[in-house]
Amino acid sequence: NMFYTCGPNEAMVVSGFCRSPPLMIAGGRVFVVPCVQQIQRISLNTLTLNVKSDKVYTRHGVPISVTGIAQMKIQGQNKQMLAAACQMFMGKSEPEIAQIALETLEGHQRAIIAHLTVEEIYKDRKKFSEQVFKVASSDLVNMGISVVSYTLKDVHDDQDYLHSLGKARTAQVQKDARIGEAQNKRDAVIREAHAMQVKVSAQYKNEIDMAKAQRDYELKKAAYDTEVNTKKAESEMAYQLQVAKTKQRIEEEKMQVQVVERTQQITLQEQEITRREKELEAKVKKPAEAERYRLEKLAEAHRLKLIMEAEAEAESIRVKGEAEAFAVEAKGRAEAEQMAKKAEAFQEYKDGAMVDMLLEKLPLMVEEISRPLCQAQKITMVSSGGGEVGASKLSGEVLDIMTRLPDTVEKLTGASFNPLHTKPQVTNW
């Protein structure tokens, strides 16, 4: 295997061929050529050290024992510190590295204890911890180790020096407490007596004020009663006087009201007269004038209407006469032309024209002859047994009448249709 990896809590150092200076990798991977290159590992885990300094003499010569807790680790992100740590600790285990760092920290801790008093160490532990942290960090950084934290855990001695300091402080505190308690009790008694005095004074003053108030009340009540009785008498007299004045004023007001009512009645009568005059004018005079004006306008309109109707009728008669004259003239011309054409036709076709005219009028003559029979509701026929009976008899009667028509026409007009019966060609129709 030529590829090597390590976690974030470990560093690899590759040395050998083409690795001068050696390659240091904190948390990663690297390619190593076998036989010509070598790989070594160093831990970057945090080390917890219990730094104990027993019976170290302080500045005043008091022996005390101090215990501190320190957290430290080899700094892998700083290449210079990592290189220094590799030079000093490569090949060593974590306990060996921890022992070297522990001895260094303990030496610095003893040196700082020797420069301080017991009171300074005991009372200001934070200051002591900061001094140890500062001095140890500046020294261990040269080894590639960074101090993460340092805390003073315990301070004690075998001579009961700290206990004596505690007793003195405890006695002082207890004395101050007893003095404070006595002062508080004294102040409480004084305040209670003062409060009682104030209470009694206030009570007496309150009773005096109540007596004064009662006296003032009685005096003022008597004065008020006298004044009230006087006012009542005056009020009764004033009431009677006021009643008389009020009655007089009421009478005056009544007279004034009557005068006002009379005046109002006169005014109302005048207004009523004026209203009636205006009403008569509005209902009689104005309508009469309006009616007269309306009748005049109606008469004028009727006259104009009659004139216009007469003119229109005359014009209508004239136009109608002209139209009738024109129609009669046109009809006369048309009849004349028709008669002339008929005459020409009769002249040209002679018997044929007469036959055509006869045939044209024959259905009309048959219709007129048979009309009385059509209007008859009931026909009773009596036969002697020697002829036809029924519809054929009626048809024969109509045809018999038709055969007698030429003779009748000849007697009336002088025109003879008899030659038509002698010509064979007539039988074709």
Side-chain angles (χ1 to χ4, degrees), residues 8-11 24 26-27 42-173 176:
N9 63 335
E10 190 179 18
M24 293 173 290
I42 187 171
S43 176
L44 302 180
N45 290 327
T46 300
L47 304 175
T48 301
L49 305 179
N50 190 10
V51 185
K52 297 182 66 177
S53 299
D54 295 329
K55 296 180 180 180
V56 180
Y57 288 91
T58 62
R59 190 173 60 183
H60 292 164
V62 179
I64 61 172
S65 298
V66 176
T67 303
I69 302 297
Q71 305 286 339
M72 56 185 58
K73 67 186 296 294
I74 296 174
Q75 186 59 256
Q77 302 300 325
N78 192 319
K79 297 298 182 181
Q80 294 179 355
M81 294 179 67
L82 182 59
C86 290
Q87 290 177 2
M88 297 190 69
F89 304 117
M90 184 61 69
K92 295 184 181 297
S93 63
E94 285 188 4
E96 292 176 341
I97 296 172
Q99 184 62 33
I100 294 171
L102 177 61
E103 292 177 354
T104 303
L105 271 173
E106 186 179 356
H108 289 299
Q109 183 172 276
R110 285 177 172 271
I112 293 172
I113 292 172
H115 287 82
L116 297 175
T117 64
V118 178
E119 289 81 1
E120 290 175 346
I121 297 172
Y122 184 76
K123 293 179 180 180
D124 197 352
R125 295 191 176 196
K126 183 178 180 182
K127 181 180 179 181
F128 174 78
S129 299
E130 289 177 353
Q131 289 183 2
V132 175
F133 179 83
K134 182 178 180 182
V135 174
S137 296
S138 62
D139 192 13
L140 291 174
V141 73
N142 296 324
M143 300 180 184
I145 299 175
S146 63
V147 181
V148 179
S149 67
Y150 174 84
T151 304
L152 182 60
K153 180 180 179 181
D154 182 36
V155 178
H156 66 278
D157 69 308
D158 297 334
Q159 306 296 327
D160 290 337
Y161 184 84
L162 295 174
H163 184 65
S164 299
L165 290 176
K167 282 184 177 181
R169 180 58 183 165
T170 302
Q172 181 66 34
V173 171
D176 294 339

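Since the model is a prediction, treat every value here as computed from it, not as a measurement. One is the number of the first residue; the rest follow in order along the sequence. Below, all heavy atoms of this structure are taken into account, side chains as well, without hydrogens, waters or symmetry copies.
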Asks: Of all heavy-atom pairs between A84 and G144, which one has the smallest distance, and what is that distance?
Replies: CB-N, 4.2 Å
Asks: State, yes or no, whether a side-chain contact exists between I100 and M88 at a heavy-atom distance under 4.5 Å.
Replies: no
Asks: How close do L49 and A101 get, heavy atom to heavy atom, and via which atoms?
Replies: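 In terms of heavy atoms, the two residues are closest at CD1-CB, 3.8 Å.
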Asks: Mind listing the closest non-hydrogen atom pair of I74 and L82 along with its distance?
Replies: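 Heavy atoms only, the tightest pair is CG2-CD1, 4.3 Å.
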Asks: Indicate yes or no for a side-chain donor-acceptor contact from S65 to the backbone of K55 under 3.5 Å, with no hydrogens or angles considered.
Replies: yes
Asks: List the atom of V132, the atom of Q109, and the distance in Å for their closest heavy-atom pair.
Replies: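 Taking V132 first and Q109 second, the nearest heavy atoms are CG2-CA, 4.5 Å.
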Asks: Side chain to side chain contact (heavy atoms under 4.5 Å, CB included) for M143 and T104? Distances and angles first, verdict last.
Replies: CA-CA 11 Å; M143 300 180 184; T104 303; 3.8 Å; yes
Asks: If I compare all heavy atoms of L152 with all of S129, which pair ends up nearest, and what's the gap?
Replies: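 Taking L152 first and S129 second, the nearest heavy atoms are N-OG, 3.3 Å.
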Asks: Flag the pair R110 and E106 as a salt bridge only when some basic side-chain nitrogen lies within less than 4.0 angstrom of an acidic carboxylate oxygen.
Replies: yes
Asks: Yes or no on side chain to side chain contact (heavy atoms under 4.5 Å, CB included) for I64 and V155, after CA distance, side-chain angles and deciding distance?
Replies: CA-CA 7 Å; I64 61 172; V155 178; 4.3 Å; yes
Asks: Do the side chains of L105 and M72 get nearer than 4.5 Å, heavy atoms only?
Replies: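 Sidechains of L105 and M72: in contact.
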Asks: Closest approach of G68 and Y150, non-hydrogen atoms and distance?
Replies: CA-OH, 3.8 Å
Asks: Working note: T67 + V51, criterion side chain to side chain contact (heavy atoms under 4.5 Å, CB included); need CA distance, chi angles, decisive distance, verdict.
Replies: CA-CA 6 Å; T67 303; V51 185; over 6 Å; no
Asks: May I have the step-by-step check of side chain to side chain contact (heavy atoms under 4.5 Å, CB included) for T58 and I113, ending in yes or no?
Replies: CA-CA 6 Å; T58 62; I113 292 172; 4.1 Å; yes
Asks: Tell me which one of L140, I112, V147 satisfies side chain to side chain contact (heavy atoms under 4.5 Å, CB included) with V135.
Replies: I112
